[in-house]
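The structure appears below as structure tokens.
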Amino acid sequence: MTAQTLEKDIATRFSDAVTLDERAGYEGYIVKAEKLIEFATALRDDYGYDFLSSVTGVDYLPDNIMEVVYHAYQSTGGTALVFKVQTPRENAVVPSLVALYPGAALQEREAWDLLGIRFEGHPNLKRILMWEGFEGHPLRKDWKEAYHEDDLKPFKTRWPEGAIARSEDANVFDKNVAYPDGFNPEGWTPEGETALYAGMKEIEKSDGLQTDQIVVNMGPQHPSTHGVFRMVATLDGETVVKLEPVMGYLHRNHEKIGERNTYLMNIPFTDRLDYLSSMSNNFGYVLAVEKLLGDKSIIPERAEYIRVIMAEFTRISNHLFAIGTLLNDMGAYFTPMLYAIEERELILDIFEAASGSRMMCNYYRFGGLTRDLPPGVEEKMRELVFDRLPRKIDDLDKYLTENEIVRARCQGVGVLTPEEAIAYSAVGPVLRASGVPYDVRKADPYGIYDRFDFDVVVEYHGDVYDRYIVRLEEMRQSIRILKQALSDLPECDNCLGKPRYSMRVPAGEAYGRVEGPKGELGFYVVSDGGPNPWRYHVRAPSFINVTALSKMCEGDKVADAIIILGSLDIVLGETDR
Amino acid sequence: MYGKGILKGLGVTLKHLVDTYVDDIRWGKKRYHTEEGIAHRMSKDARGIFTVQYPEEKLPVPEEFRFVPILIYDENENGEIVHRCTSCGICSKVCPPQCIWIERSKDPKTGRPVPNPAAFSIDVDICMNCGLCAEFCPFDAIKMDHDYELAVYDRFANNIYDKNKLSRSADYYASIRPLNNELEEAARADKEAKKNAAKKKKTASG
Amino acid sequence: MSEKLNSSGYDVPPEMQDIVAVTTLDKIYNWGRRYSAWPMMFGLACCAIEMICTAASRFDFSRFGMEIMRPSPRQADVMLVSGTVTKKMVPQIVRLYNQMPEPKYVVAMGACASGGGPFKEGYNVVSGIDKFLPVDVYIPGCPPTPQALLHGLMKLQEMMDTQSIKNVRWYQDGPLEAIPVPILGPDLLDPRDFPQFEDKMAKVAAAAESEEA
């Protein structure tokens, strides 16, 4: 079904509830809240849009509406179908899509937490990134932080009368806090975690044995939770009966800060999302804003090639780290990790030489890159790609893949069927290890990926072992792409242009996505025509992959829960933003 | 045979173990604490011991490395320090966490702004080492330093860098970023030459 | 190293130089502690990755005796706060610090742990762990490269050298006060603020009124 026939079909079928979004620079459909579930069911069952990738809210304060934006895809490939629901700001209520698309569960909780949009029918509508009891919904446009200086950057207090001042000095409590009027901690009891633990105990069991179940916290400080991630598990002996993830321990207000920054200033902040693969994050954001800029940004050929080269090196460096930490979680204390980190260090040397920093690269700009590759870097890249990395990946393969302990611990553990994977909006190696060959580089190509010859790595068991194999093989495919890109890298002479630091981006919305090492990383940017974004949302693969975690861990042992989390390969900078 | 995979893996680790001794014996004294030894351990042939023993051996940072910003000054004929900064404010406007505070100086008599910073402060506890300030400075006045040994015991006394603490000479900058410096000097000489040619044309015609 | 240990300030006769080593109690005490400061495996954010790289083979910090990274605070000496300290995480950080046995040190690694870093203006970010814990060494950088972290850890070792067994806080009389654990309320609550809470809220209200007027 082509785009035009789809549009006509929707127009005839839902003529009373669905209209095209006519705002300048916007796309998609606006659906009335009452008909949302019917529309979504039709999309999923009749039109094949079974993969709901992103659910986010936008606060349009001047129009006094809250909008929830959905991006749906077909798992066979293709571009997005965007649809939105609008609701008034006061008392914002939207029907929940969790029954149709379970992957929307955590994203709707986030919209409730940060924007105050209530989702009717959501099984567990609690705060997810902030704690229960926090006052207010922070991402609303009229909610100001304790250290609030100005709505938009650059701040006027920095120049020309820039007298140095510490933000703490302006706050009475000398900290970044503000309390509601009349609040007094004497005579107030914190509600703590009662809501969380209430849902955890006493799961009914069917085998008739009288056993006790205990509720155990894994994290947030734990050597193997890949950062400050907490899992609350109800255990029956060693078996996990119910598992609930708790996050927000690294919630650094990336989106609120992003709305205050200018478009250029957001690029270094995107480095810190998935801090192991900063080049990919830059790529996604820059793609989204370039979509908004339209013809104003033309990317030189050499820059396109270098973008792909850097993205693929990032993929290799990330997968090395992921395999290392997975083995760490299994108890092979640090030896495979040392081998993986050794190779990663050599790749980081390349990043440092080209961009200036090992991890926070800040290398991409709108319309190209910061600077061309310095002399000597290309040579180093060729040495690694043609000589060292294939050898070392084979080394890792020989070392780990046939290891009986790895097999015994990983095969059959944490199985995710393909239907579940699509329903839970899983992306990246998690999706591909379950048998769904969805890779954004092939399904919806961006940059110049359509010029390269590579395979999408798919495995069919959906367990932890397959995810490890997928990551290993993806490294080999990345080497394949790198070999082609490095051989075809065009010469250039002053081809990267002069970047601008302050620019007005035309009004509209754009969703730019890349196949990051963890999965589909998307950036949803809404512009109001000024130099700062109006809304800036990150569709984080680590965050949404966690939706499937409870399902995967039920029935397995505690030790397996750790490995399943390791195989999801989450990074807290992205999960919590 | 059950256990073949484990034995294969142990073979890999055994090879790594043997490699640590093979290269040590072959290189002898030149392996550690020498520049070529460090360069070898950074290259694609690195095998065996990969450690670069800080502080006796420091891994050289590449030219583009960025840590904390510095203000560049030139020394004119009389040996006076002339900062290149004109307090245009672009660096402070483009800094993502807004950690640069600039006070533009005023001419004491007329009260008009003078292109010189009266005060220039950077709060290093906020700086994210992104390098946007250095990238967009039109006067090559603020650049990113290579010095990373900045640990202190008391941040309130030390971590707000004022103009003095930030200043470095143009020679220092040329020593840490020779290629960039060459390009910038060439660009500046070019601009000077064009300006002089335009001036000459004006005086010739006028 | 042996020269520093042996320089007790007393003159040792030349025939006894190789047989007898005379040192001071402080020097031996500090020497033992500085070369076995076990860090707590406690990484919050991006700086944690640089910490892991420092523990890995290229920038090995087991050469400094810090190889054993203990996840349990009961067995650790140095708390390397690496990454942004958020309000949701601060109660756990303070609890972990209280559970560490003396002698304990805190190193604020990175801009975020020192002073909030680039995320300082966020509503869920604490501007530096020194709002709650006493910090010994601050290492700026975002993230500090492994060599910068090693330099910071060497500075910590130098600080340990200057401590005297008579004056260290854990050998003084009386119990050591645990730091009160913050509470998550409408915003983060620090129990040390409770005595003056009403006055401060009155000041905030007055400031808001005068701004409106």
Side-chain angles (χ1 to χ4, degrees), chain A residues 149 153-155 157-166 257 261-262 264-269 271-272 335-336 338-339 342 345-346 349 352-357 360 362 365 370-371 374-377 380 383-384 387-389 395-396 398-407 499-502, chain B residues 2-6 8-13 15-16 42-46 50 59 61-67 87-104 106 113 117-123 125-126 128-132 134-136 144 156 160 162 179-180:
Chain A
E149 279 186 63
K153 288 183 188 166
F155 294 146
T157 51
R158 302 296 194 263
W159 176 87
E161 307 296 326
I164 177 98
R166 281 213 155 89
I257 297 179
N261 286 346
T262 61
L264 178 70
M265 288 179 185
N266 265 327
I267 300 181
F269 277 98
D271 283 336
R272 284 143 177 94
T335 307
L338 286 179
Y339 294 169
E342 184 175 331
E345 288 281 339
L346 292 172
D349 275 348
E352 204 181 13
S355 72
S357 169
M360 307 305 175
N362 186 17
R365 295 279 182 269
T370 315
R371 64 184 77 86
V377 176
K380 252 198 194 159
E383 282 179 356
L384 275 189
D387 188 348
R388 187 175 170 106
L389 280 176
D395 230 12
L396 263 182
K398 195 163 68 162
Y399 181 31
L400 297 172
T401 310
E402 287 179 29
N403 192 310
E404 282 78 2
I405 302 177
V406 170
R407 288 193 166 200
R500 292 160 296 158
Y501 66 87
S502 104
Chain B
Y2 187 79
K4 194 164 79 153
I6 300 181
K8 242 208 244 179
L10 285 177
V12 172
T13 38
K15 180 168 179 302
H16 275 255
M42 281 171 72
S43 72
K44 68 169 172 73
D45 301 314
F50 189 53
L59 204 64
V61 292
E63 179 172 330
E64 296 292 342
F65 182 70
R66 43 187 158 81
F67 212 69
S87 68
C88 67
I90 290 181
C91 59
S92 110
K93 287 182 206 151
V94 91
C95 170
Q98 300 280 282
C99 71
I100 303 185
W101 281 262
I102 306 181
E103 226 178 282
R104 196 167 52 184
K106 289 207 178 56
F120 196 107
S121 329
I122 295 185
D123 190 344
D125 286 330
I126 302 180
M128 63 203 285
N129 304 358
C130 63
L132 286 181
E135 194 176 324
F136 289 101
M144 302 306 278
F156 295 101
I160 295 190
D162 58 3
L179 291 171
N180 275 309

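For clarity, every value in this text was computed on a predicted model and none was experimentally measured.
Neither the backbone nor the side chain of B/Phe120 comes within contact range of chain A; no heavy atoms are under 4.5 Å apart. For chain B, the nearby part of A/Asp387 is the side chain; its heavy atoms alone come within less than 4.5 Å. Residue contact with chain B, scored on non-hydrogen atoms closer than 4.5 Å, involves the side chain of A/Tyr339 exclusively. Heavy atoms closer than 4.5 Å to chain A are found in the backbone of B/Ile100, but not in its side chain. For A/Asp349, the part sitting under 4.5 Å from any heavy atom of chain B is the side chain, from C-beta outward, and nothing else. For B/Thr13, the parts lying under 4.5 angstrom from a heavy atom of chain A are both the backbone and the side chain. In this structure, no portion of A/Pro336 lies under 4.5 Å from any heavy atom of chain B. In this structure, the portion of A/Thr335 lying under 4.5 Å from any heavy atom of chain B is its side chain and not its backbone. For B/Asn180, no part sits under 4.5 Å from any heavy atom of chain A, backbone or side chain. Residue contact with chain B, scored on non-hydrogen atoms closer than 4.5 Å, involves the side chain of A/Arg388 exclusively. When heavy atoms are compared at a cutoff of 4.5 Å, A/Thr262 does not approach chain B at all. The contact between A/Glu345 and chain B is made entirely by side chain atoms (from C-beta outward), counting heavy-atom distances below 4.5 Å. Both the backbone and the side chain of B/Pro96 have a heavy atom closer than 4.5 Å to some heavy atom of chain A. When heavy atoms are compared at a cutoff of 4.5 Å, B/Leu179 approaches chain A solely by way of its side chain, counted from C-beta outward.
When B/Gly11, B/Ala46, B/Ala118, B/Gly131 are compared by the number of non-hydrogen pairs under 4.5 Å with chain A, B/Ala46 comes out ahead. Ranked by heavy-atom pairs under 4.5 Å with chain B, the first of A/Leu346, A/Asn261, A/Val377 is A/Leu346. Between chain A and the options B/Arg104, B/Glu63, B/His16, the largest number of non-hydrogen pairs under 4.5 Å is found for B/His16. With respect to chain B, the highest number of heavy-atom pairs below 4.5 Å among A/Leu389, A/Ile257, A/Asn266, A/Asp395 belongs to A/Asp395. The choice from B/Pro117, B/Gly3, B/Ser87 that makes the most heavy-atom pairs within less than 4.5 Å of chain A is B/Gly3.
In this structure a side-chain-to-backbone donor-acceptor pair under 3.5 Å is missing from A/Arg158 to B/Gly89. Between the side chain of B/Gln98 and the main chain of A/Pro154, no donor-acceptor pair closer than 3.5 Å is present. Side-chain atoms of A/Trp159 do not come within 3.5 Å of backbone N or O of B/Ile90 as any donor-acceptor pair.
The two residues A/Arg166 and B/Ile160 have their closest heavy-atom pair at NH2-CG1, 3.6 Å. Closest approach of B/Val94 and A/Met265 over heavy atoms only: O-CG, 3.7 Å. Here the shortest heavy-atom pairing between A/Lys398 and B/Val12 reads CE-CG2, 3.8 Å. Scanning both residues, B/Glu64 and A/Pro374, for their nearest heavy atoms gives CG-CG, 4.0 Å. In plain terms, the two heavy atoms of B/Glu103 and A/Ala163 that are nearest each other are OE1-CA, 3.9 Å.
Taking CG of A/Asn362 as the start and CG of B/Leu132 as the end, the distance is 5.0 Å to the nearest 0.5 Å. In this structure, A/Ile164 CD1 and B/Asp123 CG are separated by 5.5 Å, a value rounded to the nearest 0.5 Å. To the nearest 0.5 Å, atoms NZ (A/Lys380) and OG (B/Ser43) are separated by 9.5 Å. Distance check, rounded to the nearest 0.5 Å: NZ of B/Lys93 to NZ of A/Lys153 gives 16.0 Å.
In this structure A/Glu402 satisfies the side chain to side chain donor-acceptor pair (under 3.5 Å) test together with B/Lys8, sequence neighbours excluded. Shown here are the ring pair (Phe, Tyr, Trp, His ring centres under 6.0 Å) partners of B/Phe50, two or more places apart in sequence or in another chain: there are none.
Within a 6.0 Å radius of NZ in B/Lys44, more than 12 heavy atoms belonging to other residues, nucleotides or ligands are found.
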Quiz item: Given the rule in the side-chain contact (heavy atoms from CB on, under 4.5 Å) test, do A/Met360 and B/Cys130 qualify, once you have shown the distances and angles that lead to the verdict?
Solution: CA-CA 8 Å; A/Met360 307 305 175; B/Cys130 63; over 6 Å; no
